[in-house]
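Below: the structure, in structure tokens.
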Amino acid sequence: MTRPLLIIFLTIFVNLVGFGIIIPLLPFYAQTFGASPLVIGLLFAVFSLCQLAAAPALGDLSDRYGRRPVLVFSLAGTVVSFVMLAVAHSVAMLFAARIVDGLSGGNISTARAYVADVTEPKDRARAYGLIGAAFGLGFIFGPALSGILARISYTAPIWAAAALTLVATAMAWLWLPETVHRARAGTGNPFRYLPAMLVRPLVRRALVIDFLYWFAFAVFQTTFALFAARRFGFDAPETGYFFAGFGVLGALIQGGFIRPIVRRLGDRPTFMLGLAFGSVGLVA
């Protein structure tokens, strides 16, 4: 692994650990401010909405002026948002923190562009696999760390997430070389290509199915902490351990089983089997 790829791997891993710390904790933390389940759902939604609006613009800026400054800006914005969460004294402050994180949240897409810049086409799939591994590991260690530190206080995991993301920011600032050495013409708003893609039946179906799947997964991710607390008496540490176990299982499936299953069954049957298992799991 080259040094830039190693730094990108570590940067994404540390950033995802910070993100994984927040996911199981935020519903319980928000409840201490009197947030209702609806408000907690909106806290998750406002982050995604802001990221949807900002990430394409940040990607365009990284094409024009470089990956490194955009990546550093995104990570620094996440640090600021975690500090805002930790010192919050109202639901309004929680929303402000999530908005800041969403608006600066272009680090994953920028990291993917960086990988494309520093790898040859024949090595790109393997390099993207490293980002996937960083994702998976981050979602294992993050919730587990959240579960451990939540026994101290609700703010302890948030301060840990801020510190870890600050480390990732410093790594990107100090060790990542720039890959865009002259300003490029911007690509404009990528959503303008969406109508042309939706005209193609196969692409349209794939996008609709993908949207519905991630819609369902977002409902699960957002509401599980409240559901498990009411039905099973889970607290923040137990929820963190659950999500860590979920991450371990996902890593095992993605890393050890997907390739031989696809080789044996083919892409489409494996895709349908995955959706079926996802449905059964949610029903169970």
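For clarity, every value in this text was computed on a predicted model and none was experimentally measured.
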Count the heavy atoms of every other residue, nucleotide or ligand shown that sit under 6.0 Å from [atom1] of [X], and state whether that count exceeds 12.
| X | atom1 | answer |
| --- | --- | --- |
| Met93 | CE | yes |
| Arg204 | CZ | yes |
| Phe217 | CZ | yes |
| Phe277 | CZ | no |
| Phe139 | CZ | yes |

| request: Begin with the C-alpha distance, continue with both residues' side-chain angles, and end with the deciding distance and a verdict on side-chain contact (heavy atoms from CB on, under 4.5 Å) for Leu149 and Tyr154. | output: CA-CA 8 Å; Leu149 294 178; Tyr154 283 157; over 6 Å; no
Ignoring hydrogens, what is the shortest heavy-atom contact between [X] and [Y]? Give both atom names and the distance.
| X | Y | answer |
| --- | --- | --- |
| Val262 | Asp267 | CG1-OD1, 3.1 Å |
| Ala172 | Leu75 | CB-CD1, 4.0 Å |
| Phe28 | Pro24 | CD1-O, 3.4 Å |
| Pro27 | Leu226 | CB-CD2, 4.0 Å |
| Thr239 | Phe224 | CG2-CD2, 4.3 Å |
| Pro157 | Ala150 | CG-N, 3.6 Å |

Quick one: pull up [atom1] in [X] and [atom2] in [Y] and give me the separation to the nearest 0.5 Å.
| X | Y | atom1 | atom2 | result |
| --- | --- | --- | --- | --- |
| Leu71 | Glu178 | CG | CD | 10.0 Å |
| Leu202 | Arg205 | CG | CZ | 6.5 Å |
| Ser153 | Trp159 | OG | CH2 | 10.5 Å |
| Phe33 | Ile40 | CZ | CD1 | 11.5 Å |
| Tyr29 | Ile158 | OH | CD1 | 4.5 Å |
| Thr270 | Leu275 | OG1 | CG | 11.0 Å |

Is there a side-chain contact between [X] and [Y] in this structure, where contact means two heavy atoms from C-beta onward sitting under 4.5 Å apart?
| X | Y | value |
| --- | --- | --- |
| Val46 | Leu42 | no |
| Arg68 | Trp173 | yes |
| Leu166 | Phe82 | no |
| Leu58 | Phe73 | yes |
| Val118 | Ile8 | no |
| Leu94 | Val39 | no |
| Phe47 | Ile99 | no |
| Leu5 | Phe9 | no |

| task | Indicate if Phe44 and Val219 have the same hydrophobic cluster label, given that clusters are the connected sets of ILVMFWY residues with side-chain heavy-atom separations under 4.5 angstrom. | result | no
| If Ile, Leu, Val, Met, Phe, Trp and Tyr residues are connected whenever their side-chain heavy atoms lie under 4.5 Å apart, and connections chain through other members, are Leu164 and Leu6 in the same group? | yes
| task | Show the numbers, then the answer: is there a side-chain contact (heavy atoms from CB on, under 4.5 Å) between Leu198 and Val203? | result | CA-CA 6 Å; Leu198 291 177; Val203 175; over 6 Å; no
| task | Please check if the side chain of Ser74 supplies one atom and the backbone of Ser104 the other of a donor-acceptor pair under 3.5 Å. | result | yes
| request: For this output row, return yes or no: ring centroids of Phe234 and Phe227 closer than 6.0 angstrom. | output: no
| said: Does Ile140 form a side-chain contact (heavy atoms from CB on, under 4.5 Å) with Phe243? I'd like the steps, not just the answer. | reply: CA-CA 7 Å; Ile140 294 170; Phe243 275 108; over 6 Å; no
| message | Once you measure the plane-to-plane angle for Phe246 and Phe242, does it fall in the parallel (<30°), tilted (30-60°) or perpendicular (>60°) bin? | response | parallel
| message | Could you tell me if Thr110 and Arg67 have a donor-acceptor pair between their side chains, going purely by distance under 3.5 Å? | response | no
| task | Kindly determine whether Met171 and Leu176 satisfy side-chain contact (heavy atoms from CB on, under 4.5 Å), including the steps that lead there. | result | CA-CA 7 Å; Met171 289 166 57; Leu176 270 186; over 6 Å; no
